[in-house]
Amino acid sequence: MKKGLHMSITLVFVQRHLNTIQIESIVEQADERGFGHELVIHEPITNSYSFRAFEKNK
C-alpha cells in the first residue's frame, strides 16, 4: 500500500512540474509574439490548466 501511495504522489509532482514548464513556455511565447492571453489554473495541486491566446486590440 505504501509503495502505491508513494508512486501516486510522485506522479502528481511530476505532472505539476511538467505543467509548470508548459505554462511558462506558452506564456513566454504569447508575450514574445505580442498576443494577450488568458490562463486558468483548474487544479493547483497538479497545475492543470487551460490557456487561450488572442490578438491584442490596437
Novice: Quick check: closest heavy atoms across A30 and H37, and the distance to 0.1 Å?
Specialist: CB-ND1, 4.2 Å
Novice: Does I41 belong to the same Ile/Leu/Val/Met/Phe/Trp/Tyr cluster as V27, with side-chain heavy atoms less than 4.5 Å apart forming each link?
Specialist: yes
Novice: Output every pair passing salt bridge (charged side-chain N to carboxylate O under 4.0 Å, His left out) with a member in residues 26-44, not counting sequence neighbours, ordered by first then second residue.
Specialist: E38-R52
Novice: Of all heavy-atom pairs between T46 and Q15, which one has the smallest distance, and what is that distance?
Specialist: CG2-OE1, 3.6 Å
Novice: Are T20 and H17 side-chain neighbours, meaning at least one heavy-atom pair lies under 4.5 Å?
Specialist: no
Novice: Does F13 CZ have over 12 foreign heavy atoms under 6.0 Å away?
Specialist: no
Novice: How long is the straight-line distance from CG of L11 back to NE2 of H6, given to the nearest 0.5 Å?
Specialist: 10.0 Å
Novice: Measuring only between side-chain heavy atoms, which start at C-beta, is Q22 closer than 4.5 Å to Y49?
Specialist: yes
Novice: Within this structure, what is the CG-CD1 distance for the pair N47 and I23, rounded to the nearest 0.5 Å?
Specialist: 4.5 Å
Novice: Starting at CZ of F35, measure out to CD of E55 and round the result to the nearest 0.5 Å.
Specialist: 5.5 Å
Novice: Should V14 and V12 be regarded as members of a common hydrophobic cluster, given that ILVMFWY residues are connected when their side-chain heavy atoms come within less than 4.5 Å of each other, either directly or indirectly?
Specialist: no
